[in-house]
Amino acid sequence: MSWTASGPRTRTHGFNQVHLTRGLSIDLSTCLEIEVEKLAFSLDGNRIIMDVLHGLLNTRWLQSLLKVYESLHQYLRKRPQPVLPQASVLCREVTEMLRETTRSMDFRELRWLLGKPDFQALLSAHDTVAQKDYDPILPPLPDDIPEDEEALRIVCLVKNKHPLGATIKRHEVTGSIVIARVIRGGLADRSGLLFAGDQLVEVNGIPVTGLEPEQIIQLMGKSEASVMFKLIPVSHRPRSSSQNTLYVRPLIDYCPQYDPAIPCVEAGLTFRRGDILQIVDQNDTLWWQAKNITTSSKCAGLIPSNNQLKRKQREFWWSHSFPLHTCNKSTLLSPVEEEEDMTIAEKLVETEELREEDAEFNGHNQGLYIPGFRRSMRLCRRKSKSSQLRSSTRCPSSCYTSTVSPYEEVMRYQRSPTDRHRLIVLVGPSGVGVNELRRRLIESDPDLFQSPVPHTTRPPNSYEEDGREYYFVSKETFEAMALSHRFLDYGQYKGHLYGTSREAVRLILDLGLICVIDLEPQRIPEARTKELKPFIIFIKPPSIRRLQQTRAKSRIITDYYVNRSFKEEDLQEMEDVSEKMLDYFGHLFDCVIVNDELPDTHTQLLCAVKRAQSEPHWVPAAWLNSDMNA
Ligand SMILES: Nc1ncnc2c1ncn2[C@@H]1O[C@H](COP(=O)(O)OP(=O)(O)OP(=O)(O)O)[C@@H](O)[C@H]1O
């Protein structure tokens with residue numbers, strides 16, 4: 001059809017004159033065409049608008065949508081009725097008739113076709129729809145239902161592909177079989193007819209007296225569509241707990257299959273460290289019921305209670321021990337330890353070392369000074385990072401787990417525009433690009449992002465200003481600050497102490513800016529406070545192959561005179577350390593970003609930082625409850 005902007009043609013139907021619901025006298029696309037023609041008239045032939053409208057009308061998707069719409073309309077008008085409600089009966093009759101005339105090959109083939117299981121299934125489906133027979137057929141109720149309804153209850157549950165959602169046990173005193181627990185959200189719970197403590201009398205008409213719980217389970221498994229229970233209701237139903245819903249972040253992995261203590265493995269809930277669990281039932285002191293929000297589990301499952309976990313903490317089903325150890329060295333590194341961290345090669349070339357201000361990026365960029373990027377600061381951090389990661393892997397878990405709850409209570413927190421910004425913490429293996437990304441972030445908007453000025457015991461150089469490159473303090477002052485936990489992290493490099501203080505961070509946050517720091521993962525607990533509400537971003541290396549490709553021209557910061565390029569073993573170590581960090585500290589990371597192509601990573605980081613400040617995230621409940629210590 002050709003379109004002109006010359007005004008209406010001969011057709012005079014108006015869109016609003018066509019009654020769509022009373023049956024389409026013309027089809028919908030014709031109707032729209034007429035409307036567009038009318039518009040052409042009123043738009044005085046505006047060709048551009050008309051072309052747009054015609055283009056739209058002729059798009060494939062709109063045409064398809066209109067076809068669907070019209071088909072549905074036709075269906076609604078016709079309201080098709082089944083020709084006969086029992087096609088399978090007719091099929092049987094035809095098959096019988098064909099049996100009597102078996103001479104012809106065609107008849108035999110037709111009989112074979114009609115008898116095929118898929119054809120029979122098709123007819124059965126047709127009959128179900130034709131008869132609108134969607135309800136399951138329940139077995140008839142027994143005749144001998146006692147008059148006192150509460151004395152005995154008959155419950156018939158229709159099975160589906162999900163488990164029943166209840167466990168049974170033998171009562172310790174009476175020896176009778178009782179419902180041990182009803183799993184929240186499961187079939188039994190949704191029926192509202194089974195309760196913990198109900199005594200089981202019969203299953204599918206078979207008395208359970210003398211049967212073992214396992215035999216009863218088998219009995220239930222045998223019934224196909226439904227299962228019928230005869231029960232003596234529990235006299236005192238436990239009142240459904242009115243506690244507020246509790247959310248926790250487990251600090252361990254848990255797999256019911258490896259827990260010999262769980263009352264029913266099938267009812268157990270698997271979770272990983274760092275998942276978010278919604279605790280829906282705490283009535284049992286040993287086994288709670290929870291849903292895994294992270295894996296979107298619909299039905300609750302059993303998880304060990306806090307007390308149970310603490311009791312079990314040394315048993316083999318702990319797939320990972322919790323890595324944060326209170327015994328981690330909080331004292332300052334001794335010179336001897338520092339010495340140990342240096343390789344032989346580094347010691348040999350010590351005379352050639354760079355002055356720290358000669359580093360590749362020392363904070364000066366186009367008139368803007370960004371503190372915290374000096375070589376000494378970074379190298380001291382790297383040394384303490386590697387030594388502490390080693391010490392945490394050596395240390396037995398018992399020193400920590402005996403004192404810390406295996407579940408951390410969490411809540412949703414969304415920063416309000418009047419709150420201070422959340423502290424942004426970047427974590428990653430050495431060389432992955434944490435400093436590069438931090439620098440790019442700050443340079444992208446220095447009026448919003450800032451890095452705290454570190455403290456050092458090193459004497460200032462002539463060109464340095466106190467409070468710009470560093471806060472220059474005495475060793476005594478530094479040590480006193482460290483002892484009173486005023487540093488988020490600190491370390492020693494070539495006899496001098498370097499550290500990032502809470503005050504320096506606070507100074508930035510108080511200005512309404514976003515403070516960005518990098519931390520070694522062992523120091524994250526120092527920063528996880530109600531005041532700072534840190535958002536922790538893990539910078540992960542890509543695959544070794546991608547590292548080889550992307551880091552071909554990159555330089556690794558060293559003690560040497562020249563920062564050298566990455567060697568194969570550097571890349572491998574980066575991967576290994578990254579795995580370890582994720583393994584030990586993954587549950588503390590709010591976000592993981594793979595640093596593959598630098599510009600992409602920078603964009604992702606920027607988005608993550610914005611989300612941290614404006615979207616809700618799970619945080620420790622202690623950060624939000626005024627009566628809890630944080
Ligand atoms: N995605 C990337 N592609 C290419 N080069 C990169 C990428 N990310 C970082 N680099 C480069 O890799 C080198 C090391 O990065 P950077 O100094 O930021 O590491 P780091 O994680 O801060 O290490 P450290 O903790 O040891 O100081 C730098 O030369 C940096 O420019």
Side-chain angles (χ1 to χ4, degrees), residues 338 341-343 346 354 356 358-363 365 370-390 424-444 449 451 454 488-491 493 498-500 516-524 536-560 562-582 585 589 592-606 608:
E338 187 194 349
D341 280 335
M342 297 168 73
T343 63
E346 281 172 332
L354 275 179
E356 73 162 312
D358 294 335
E360 181 188 335
F361 176 77
N362 60 22
N365 200 16
I370 309 177
F373 285 91
R374 287 300 184 89
R375 177 178 295 258
S376 315
M377 182 73 197
R378 291 176 58 180
L379 286 171
C380 94
R381 193 177 275 146
R382 187 189 296 172
K383 284 179 192 306
S384 61
K385 186 184 307 194
S386 57
S387 65
Q388 289 200 8
L389 197 63
R390 278 204 300 275
I424 301 297
V425 179
L426 304 188
V427 178
S430 192
V432 74
V434 163
N435 277 287
E436 177 72 45
L437 288 165
R438 191 161 65 100
R439 179 174 65 81
R440 282 177 179 240
L441 189 66
I442 295 169
E443 281 177 0
S444 72
F449 301 113
S451 191
L488 289 177
D489 79 340
Y490 55 81
Y493 181 68
Y498 298 85
T500 308
V516 192
I517 63 170
D518 73 304
L519 271 188
E520 53 190 285
Q522 290 80 0
R523 303 295 296 183
I524 292 174
I536 297 155
I537 302 173
F538 181 67
I539 307 296
K540 187 176 184 284
S543 66
I544 293 270
R545 196 176 59 83
R546 288 297 300 155
L547 277 176
Q548 287 162 342
Q549 288 166 355
T550 54
R551 271 50 170 196
K553 293 190 183 132
S554 307
R555 316 293 289 173
I556 188 168
I557 187 169
T558 62
D559 277 1
Y560 300 89
V562 180
N563 287 344
R564 62 167 171 79
S565 39
F566 282 92
K567 292 184 195 160
E568 200 60 33
E569 52 265 37
D570 298 321
L571 305 182
Q572 189 57 55
E573 189 181 347
M574 205 193 291
E575 285 285 335
D576 295 346
V577 174
S578 163
E579 284 308 308
K580 266 190 192 155
M581 285 182 172
L582 277 168
F585 303 100
F589 303 151
V592 175
I593 298 179
V594 178
N595 184 13
D596 191 338
E597 293 288 349
L598 207 40
D600 288 351
T601 319
H602 172 67
T603 311
Q604 285 181 49
L605 180 62
L606 206 57

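Quick caveat: nothing in here was measured; it's all calculated off a predicted structure. Below, each value reflects all heavy atoms present in this structure, side chains not excepted, and no hydrogens, waters or symmetry copies. Every number for a ligand or one of its atoms is a count from 1 in the order of the listing.
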F449: partners by ring-ring contact (aromatic ring centres under 6.0 Å, His included), with sequence neighbours left out: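 ring-ring contact (aromatic ring centres under 6.0 Å, His included) check on F449 returns nothing, list empty.
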
Heavy-atom gap L437 to ligand 1 smaller than 4.0 Å: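 Flag not set, L437 not near ligand 1.
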
Any N595 heavy atom less than 4.0 Å from ligand 1: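 It does; at least one heavy atom falls under 4.0 Å.
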
Need the ligand 1 atom indices (1-based, order shown) with element for anything under 4.0 Å from a heavy-atom of [X].
| X | answer |
| --- | --- |
| D596 | 1 (N), 2 (C), 3 (N) |
| N435 | 18 (O), 20 (P), 22 (O), 27 (O) |
| G431 | 14 (C), 15 (O), 19 (O), 20 (P), 21 (O), 23 (O), 24 (P), 26 (O) |

Donor on one side chain, acceptor on other, R546 and Q549, under 3.5 Å: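 A pair is found: one side chain offers a donor N or O, the other an acceptor, under 3.5 Å apart.
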
D600 and Q604: side chain donor to acceptor below 3.5 Å: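 No, no side-chain donor-acceptor pair sits under 3.5 Å.
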
Partner set under side chain to side chain donor-acceptor pair (under 3.5 Å) for T601, not counting sequence neighbours: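 Applying side chain to side chain donor-acceptor pair (under 3.5 Å) to T601 gives N595.
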
Step-by-step side-chain contact (heavy atoms from CB on, under 4.5 Å) determination, E568 to I544: CA-CA 9 Å; E568 200 60 33; I544 293 270; 4.0 Å; yes

Candidate with minimal heavy-atom separation from atom 11 (C) of ligand 1, of S554, P599, P429: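 The option holding the nearest heavy atom is S554.
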
Among G433, A552, P541, closest by any non-hydrogen atom to atom 15 (O) of ligand 1: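 Among G433, A552, P541, the closest heavy atom to atom 15 (O) of ligand 1 comes from G433.
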
Cationic N near anionic O, under 4.0 Å, E443 to R440: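 Salt bridge: no.
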
Any nitrogen or oxygen of [X], main chain or side chain, under 3.5 Å from a nitrogen or oxygen of ligand 1?
| X | answer |
| --- | --- |
| E597 | no |
| E436 | yes |
| V432 | yes |

Parallel, tilted or perpendicular, as decided by the 30° and 60° cut-offs, for the rings of Y498 and Y493: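 Tilted: the ring planes of Y493 and Y498 meet at 30° to 60°.
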
